[in-house]
Amino acid sequence: MAKQIQAIRGMNDCLPADTPAWQQVEAKIRQVVASFGYSEIRFPIVESTDLFKRGIGEVTDIVEKEMYTFDDRNGDSLTLRPEGTAVCVRAGNQAGLLYNQEQRLWYMGPMYRHERPQKGRYRQFHQFGIEAFGISDADIDAEVIALSAELWRVFGIEDQVELQLNSLGSNEARADYRSALTEFLVAHETALDEDSRRRMHSNPLRVLDSKNPEVQAVLADAPRLHDYLDEESKQHLSKLCELLDAIGIRYQLNDRLVRGLDYYNRTVFEWVTDSLGAQGTVLAGGRYDGLVEQLGGKATPAVGFAMGIERLVLMLQSLGKLEGLRPAVDAYMVLANDDAAKAGVQVAQRLRQQLPDLRLMMHCGGGKFQKQLKRADKVGAQVALILGQDELENQTITVKWLRQDVPQQTVALSQVVNLLNDLN
Ligand code: ATP
Ligand code: MG
C-alpha cells in the first residue's frame, strides 16, 4: 500500500465534526462587526517579504524566526502572511482607501507562523481582526475595544476574560524611555538571558515582554514606561479610560504590556484568560499611527486588533459554550423504490426552494427501508421523510420524527411544507 501523506506539523484540518462550531463562531463574529458598521476586506495569503520586514519590524519574534519565507520561480522573496494588519495597510494604500478618509474594516482568515506547535499555538492558525483608519481621537480606541467586549458578551464568556491596557506614548516619549531602559538593562546584563541581551540594544522594549521569570525578576526595578509618557498620550489614555468606564468595560492598567510588534504607539491592549493554560492571550491590539506612512502611504492614524479563532474555539469548548450546534442535516428522505426515487427528487427540489433554510438530504444508492432509516439517524436528521408505494399512489408523504416522541404523520405532499417549517 502506498504511504499516506500527512498534513504539515502544526497545520490542522477542520473536520466535519468541528465545522459547525467554527461556522457558529464565524457567524457570530460577522453579526458583531456588522452591528458596528464595519466592512469586510479580503487580501492575499502571500505577500512580498519586505512588507512584513518593514511593517512588523526586523527585531520581532515574527520576522526573526517565525515567517514562512521562500523564493518564487522568479526569485522574488515571498512570505505567507503571519498577520493581517500590515497586509490591510498595504491593500488600503494600494487602493487609495486610507489617506484623508475613514475606514472601518474587518478580515478573517489563515495566518502562518513557524512556531513550536502546542495547545493554542499552531503554524497555520486563523485570525479575525478589525482595523479603523483615519481617526486619532480616543473615542475610536474605545469603539474598537467595545467591539471586542461585545464578542465576549455574544459568546457568553464576559466573566472569563480580562482587559489589560497600556499606553506606549508618542514615538519621542518611547525613544526617551528606550534609552533609560537600555541603560538599566546594560547595567543588569549578566542577569539577563540570551534573547534579552540580544534585544537590549536593538529592541529593548521587547525585553519587557519576556516570558522568562528570571528576566521578569530583574525588570521589577526597571524604569517605568508610565513615567515617560508625554502629556498628549496621557490625555489620550485618560479619555479612553473614561469612555471605557462609561460603557462599563473593566480594565487593568499594566505598564509592562508592550506587545510583540513594532508598529504600535499610544494605546495597546490584550484580552487574557486563565482558561487556556499557557496561551492566555485571546485578542490583542492597539494604535499604530505610524504604520501607514512607514509602508509608503500618507500619514493616517489607525487602531485595531486581532483575535486567534482557535484560542476562542478552545475556550468555548472547554467552557461548554458550544452546545446545541445544528447538525448538517435536518431531514432525510427515505425512498421505497425507483419510482419513489424519481418522485422524491422532485419533492425534494420543491421543498428546498420553499424552505431555503431546510437542510434536506436524499437517500442515494437504494437498499432496504431499515438501512435507510439508520442512515437518517446517523446523519443527525430530525425527521425522515418517507416516500413508500402507498404514499406515491396517494400523493402523500410520511414524516417520522427521529428525536422526539411524536407519532409519525402521513400528510398530503402540499402540506408537508408546514410541518417542516417548524424545524428551523
Ligand atoms: P503570543 O504572545 O501568544 O505569541 P502574539 O503576540 O504573537 O501572541 P499577535 O501577533 O498579537 O500574537 O496575534 C493576535 C492573536 O492571534 C493572539 O492573541 C492569539 O490569540 C493569536 N495567535 C497568535 N499566534 C498564534 C499561533 N501561532 N497559533 C494560534 N493563535 C495564535
Ligand atoms: Mg507570538
Side-chain angles (χ1 to χ4, degrees), residues 7-12 14 22 25 29 51-52 55-57 59-68 79-89 106-131 144-145 147-148 151-152 155 157 160-166 168 195 199 203 205-212 215-216 254 256-264 267-288 291 303-318:
I8 308 301
R9 199 163 108 84
M11 305 207 181
N12 302 315
C14 191
W22 278 74
V25 166
I29 289 172
L51 172 63
F52 303 112
I56 298 171
V59 193
T60 55
D61 280 348
I62 294 181
V63 174
E64 277 184 340
K65 53 189 188 199
E66 296 175 356
M67 294 206 302
Y68 278 92
T79 294
L80 300 186
R81 61 184 192 195
E83 58 109 46
T85 302
V87 189
C88 190
V89 169
W106 70 273
Y107 62 86
M108 183 148 60
M111 303 293 163
Y112 301 84
R113 297 185 193 177
H114 196 276
E115 305 194 67
R116 193 170 67 79
Q118 51 196 293
K119 185 182 167 202
R121 193 176 291 286
Y122 311 99
R123 290 180 174 175
Q124 175 181 277
F125 62 101
H126 296 77
Q127 281 185 339
F128 151 66
I130 70 170
E131 316 290 355
V144 163
I145 293 175
L147 191 154
S148 61
L151 290 169
W152 316 137
F155 288 109
I157 53 172
Q160 301 290 330
V161 285
E162 188 189 89
L163 176 60
Q164 304 257 328
L165 183 63
N166 191 22
L168 298 177
D195 254 2
R199 285 178 168 168
N203 195 349
L205 262 70
R206 284 306 316 282
V207 179
L208 296 181
D209 225 19
S210 167
K211 291 184 174 115
N212 182 342
V215 173
Q216 280 302 330
N254 170 6
R256 282 288 162 71
L257 180 70
V258 291
R259 307 282 307 112
L261 303 91
D262 271 359
Y263 47 61
Y264 292 113
T267 312
V268 287
F269 64 95
E270 286 190 357
W271 285 95
V272 295
T273 175
D274 292 333
S275 58
L276 277 178
Q279 270 50 256
T281 306
V282 209
L283 183 153
R287 179 167 277 284
Y288 50 95
L291 184 62
V303 52
F305 68 67
M307 180 188 78
I309 302 184
E310 280 81 358
R311 291 191 193 172
L312 175 64
V313 170
L314 278 171
M315 240 181 114
L316 295 171
Q317 271 163 353
S318 75

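Just follow the structure's listing: the first ligand is 1, and inside any ligand the first atom is 1.
Proximity to K211 (heavy-atom distance under 4.0 Å) selects the following atoms of ligand 1: 2 (O). Short contacts between ligand 1 and G308, defined as distances under 4.0 Å to a heavy atom of the residue, involve ligand atoms 15 (C), 16 (O), 20 (O), 21 (C). Close approach of ligand 1 to V282 is summarised as follows: ligand atoms under 4.0 Å from at least one heavy atom of the residue are 18 (O), 20 (O). For ligand 1, the atoms closer than 4.0 angstrom to any heavy atom of A306 are 14 (C), 15 (C).
The closest donor-acceptor contact from the side chain of E310 to the backbone of H126 lies under 3.5 Å. Checked by atom type and distance alone, the side chain of R81 never pairs as donor or acceptor with a backbone atom of Y112 at under 3.5 Å.
With respect to the salt-bridge test (charged N to carboxylate O, under 4.0 angstrom), the residues R206 and D195 do not qualify. Using a 4.0 Å cut-off between charged side-chain N and carboxylate O, R259 and E270 make a salt bridge.
Of the candidates M111, E115, R259, R259 brings a heavy atom nearest to atom 11 (O) of ligand 1. Within the set M307, E66, R121, Q118, the minimum heavy-atom distance to atom 1 (P) of ligand 1 is found for R121. Within the set R311, E270, R116, the minimum heavy-atom distance to atom 8 (O) of ligand 1 is found for R311. Selection from Y122, Y112, F125, Y264 by nearest heavy atom to atom 22 (N) of ligand 1 gives F125.
In this structure, the protein non-hydrogen atom closest to atom 18 (O) of ligand 1 is T281 O, 3.3 Å. Nearest to atom 5 (P) of ligand 1 among the protein's heavy atoms is R113 NH1, 3.9 Å. Taking atom 16 (O) of ligand 1 as the reference point, the nearest protein heavy-atom neighbour is Q127 NE2, 3.0 Å. Nearest protein neighbour of atom 29 (C) of ligand 1, counting heavy atoms only, is G120 O, 3.3 Å.
With values rounded to the nearest 0.5 angstrom, R199 atom CZ is found 5.0 Å from E64 atom CD.
Among residues two or more places apart in sequence or in another chain, the side-chain contact (heavy atoms from CB on, under 4.5 Å) test is passed with N254 by Q164, R256, L257.
Nearest heavy atom pair, residue T273 against residue Q160, reads OG1-O, 3.0 Å. In terms of heavy atoms, R9 sits closest to R116 at NH2-CG, 4.4 Å.
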